[in-house]
Amino acid sequence: MMLLAIDLGGTEAKIGLSDGEGRIHKKASAGVSEDGYRTPIVESAIHAAKQFMAEYPCEIRGVAVSACGQIDPESGTVIGTNGRIPHYEGTNIKAAMERAFEKETWVLNDANAALLGECFTGRAKGLKDVILITLGTGVGGGVLSGGRLLGGAGGIAGELGHFTLRADGPACPCGKRGCFEHYASASALVSRCEAASGKSGLNGKIIFREAEKGNPVIQAEVSAWIRDIAEGLTGLIHIFNPEMVLIGGGVSAQEELLIRPLRERILQEAMPRFSEGLRIERALLGNDAGMVGAVRFWLDHQKSACF
Ligand SMILES: [Zn+2]
C-alpha cells in the first residue's frame, strides 16, 4: 500500500508514490503558476496528482502534503504566505485533498517537512536535535528539538528566515527590517555579487564558477555571504544546541565553496560547549525531502500504523 506524496511549492508541485519506509517509487512534477496563478495552486496540484494517479494506478492509503507558506498542521490550512501567492492564503489543503482523493490527508510546512524527511531517511536519520535551513529565493527552516518538530503555539514556529540580523537593514516582505533571509538566501548572494561586480544576470552557477577561478570581487562577496549565514546560525545554535545543522537548497551542493568554510567559521564562532560534536552538513534528500517528510508526518498521525 502506498501514500500519495505531494510537495506544493509556489511554482511547481512535486508528486510521488511512497511506501511506509519513505522510499519514493514513482515521481513527477508539474507547474502550478503557468496561468499567472488564475487557477489556485492547490487546484493545479490536485489536477496534476490525478493525472499522475491515472498514469500509475494503485491503491493509496492516504495523502501526505508538504506545502509552502505558514500551515496550521492540525487543520491543514494555509494561514500565512506574506501575500506572495494569489488565491492561496486561507485554503484548507487537507479538506481539498480529502475531497479530491477520499483519503486521509495531513499537511505541513515544506521546510519542516524537509527537516522531518532528513531525520527519517536522510542525513540526520535517527537524530533528535537538528536545525535545517534551506537557502533559496528566501530562507526556510525548521527545528527538531528532543525528537519533536518545534511547532510553537500555532504550529508555525521555525521561521528561521525572519529574525533580525541587522536592525538597520532593508524592509522585508514580512513587515520587519534586516531579516536573516535578506543576507543569507541564495538570492541575496546573487544581488550582492551583481552590485559589487556591476554585472547583471548572475546566478549561483556563474558565481561559484567565478569564485573557483579566483575572481576576487566574487570571492569577497561569497565570503561576506558565508559570514552572515554563520552569524545567524551561530545564534540559533546557542538557542537550540543542535547536534546537526543541515543546509539545503541548490547552493548546498557547493561543499568546498560553501559548506566547508561555513562549517569552519561556525565551529570557530560558537561557544565551545555548543560546538563540541556539532556537525554542519549538506542536506541529503534534495527535491524529495518535502515528500519524504510529509510521509513521516502522515505516519506519525496513525495511531496504529499497519504498514
Ligand atoms: Zn522578514
Apply salt bridge (charged side-chain N to carboxylate O under 4.0 Å, His left out) to the pair R227 and E231, showing each step before the final yes or no.
-> CA-CA 6 Å; R227 268 203 310 278; E231 189 177 337; over 6 Å; no
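- Contact check on E21 versus R23 returns no salt bridge, with no Lys/Arg side-chain nitrogen under 4.0 Å from an Asp/Glu carboxylate oxygen.
- Looking only at side-chain heavy atoms (C-beta outward), E281 and V245 stay at 4.5 Å or farther from each other.
- No donor-acceptor pair closer than 3.5 Å links the side chain of Y88 to the backbone N or O of Y37.
- Between the side chain of N112 and the backbone N or O of L115 there is no donor-acceptor pair closer than 3.5 Å.
- Side-chain atoms of E243 never come within 3.5 Å of backbone atoms of L278 as a donor-acceptor pair (strictly under, hydrogens ignored).
- The closest side-chain heavy-atom distance from L144 to L132 is not below 4.5 Å.
- Listed here is the closest heavy atom pair of I71 and I156: O-CG2, 3.9 Å.
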R123 and M244: side-chain contact (heavy atoms from CB on, under 4.5 Å), yes or no, with the steps?
-> CA-CA 9 Å; R123 185 84 67 192; M244 182 180 277; 4.0 Å; yes
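- Hydrophobic clustering of Ile, Leu, Val, Met, Phe, Trp and Tyr side chains at less than 4.5 Å, counting indirect connections, keeps L284 apart from F120.
- To the nearest 0.5 Å, the span separating NE2 on H25 from CE on M2 amounts to 4.0 Å.
- Residues P242 and R279 are not in side-chain contact: their nearest non-hydrogen atoms beyond the backbone lie 4.5 Å or more apart.
- Residue A113 comes nearest to G290 through the heavy atom pair CB-O, 3.6 Å, listed as atom of the first residue, atom of the second, then distance.
- By the rule that hydrophobic residues join a cluster once side-chain heavy atoms approach within less than 4.5 Å of another member, I206 and L135 end up as members of one cluster.
- A distance of 9.5 Å separates CG in L165 from SG in C179, rounded to the nearest 0.5 Å.
- Judged as a side chain to side chain donor-acceptor pair (under 3.5 Å), the pairs with a partner in residues 182-208 (not counting sequence neighbours) are, in order, R192-D228.
- Remark: I229 CD1 to I133 CD1 distance equals 6.0 Å, nearest 0.5 Å.
- To the nearest 0.5 Å, atoms OG (S18) and CD1 (I24) are separated by 4.5 Å.
- Remark: E12 CD to D7 CG distance equals 8.5 Å, nearest 0.5 Å.
- Using a cut-off of 4.0 Å between Lys/Arg side-chain N and Asp/Glu carboxylate O, R296 and E118 are scored as not salt-bridged.
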Salt bridge (charged side-chain N to carboxylate O under 4.0 Å, His left out) between R209 and E212, intermediate numbers included | CA-CA 5 Å; R209 198 174 59 218; E212 209 164 17; over 6 Å; no
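- Side-chain contact between N109 and S66 is absent, with no heavy atoms from C-beta onward closer than 4.5 Å.
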Apply side-chain contact (heavy atoms from CB on, under 4.5 Å) to F163 and L236, showing your working.
-> CA-CA 10 Å; F163 63 88; L236 295 174; 4.2 Å; yes
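- L246 and L150 sit in two unconnected hydrophobic clusters of ILVMFWY residues. Membership requires side-chain heavy atoms under 4.5 Å apart, directly or through other members.
- Within a 6.0 Å radius of CG in D129, more than 12 heavy atoms belonging to other residues, nucleotides or ligands are found.
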Check the pair T39, V32 against side-chain contact (heavy atoms from CB on, under 4.5 Å), reporting the backbone distance first and the verdict last.
-> CA-CA 8 Å; T39 311; V32 293; over 6 Å; no
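- The aromatic rings of H301 and W106 lie parallel to each other, with less than 30° between the two planes, well short of the 60° mark.
- Nearest heavy-atom pair, P261 versus I226, reported as atom, atom and distance to 0.1 Å: CG-CD1, 3.9 Å.
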Using the side-chain contact (heavy atoms from CB on, under 4.5 Å) rule, take I247 and R282 through it: C-alpha gap first, then chi angles, then the decisive distance, then the call.
-> CA-CA 5 Å; I247 315 294; R282 170 174 71 87; 5.6 Å; no
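- The nearest pair of heavy atoms linking A157 to G152 is CB-N, 3.7 Å.
- Under the 4.5 Å side-chain heavy-atom criterion for Ile, Leu, Val, Met, Phe, Trp and Tyr, L285 and L299 are members of the same hydrophobic cluster.
- When hydrophobic clusters are built by joining Ile, Leu, Val, Met, Phe, Trp and Tyr residues whose side-chain heavy atoms come closer than 4.5 Å, directly or via intermediates, I239 is grouped together with V139.
- For the pair F208/V251, a side-chain contact is recorded, criterion being any heavy-atom separation below 4.5 Å from C-beta on.
- Taking 4.5 Å as the limit, some side-chain heavy atom of H162 sits within range of a side-chain heavy atom of C172.
- Contact between F101 and A49 at its shortest, heavy atoms only, is CZ-CB, 3.6 Å.
- Salt bridge absent: R177 and D168 never bring a charged side-chain N and a carboxylate O closer than 4.0 Å.
- A donor and an acceptor atom, one from each side chain of E104 and Q302, are located under 3.5 Å apart.
- With contacts defined as side-chain heavy-atom distances shorter than 4.5 Å, the pair L202/C193 qualifies.
- No side-chain donor from either of Q219 and E210 sits under 3.5 Å from a side-chain acceptor of the other.
- How far CD of E59 is from CG of L4: 13.0 Å, rounded to the nearest 0.5 Å.
- A salt bridge links E269 and R265; the closest N-O separation between the charged side-chain nitrogens and carboxylate oxygens is under 4.0 Å.
- Using a distance-only test at 3.5 Å, with no hydrogens or angles considered, no donor-acceptor pair links the side chain of E159 to the main chain of G141.
- Counting heavy atoms from C-beta on, the side chains of I6 and F52 never come closer than 4.5 Å.
- Closest approach of F180 and L160 over heavy atoms only: CD2-O, 3.3 Å.
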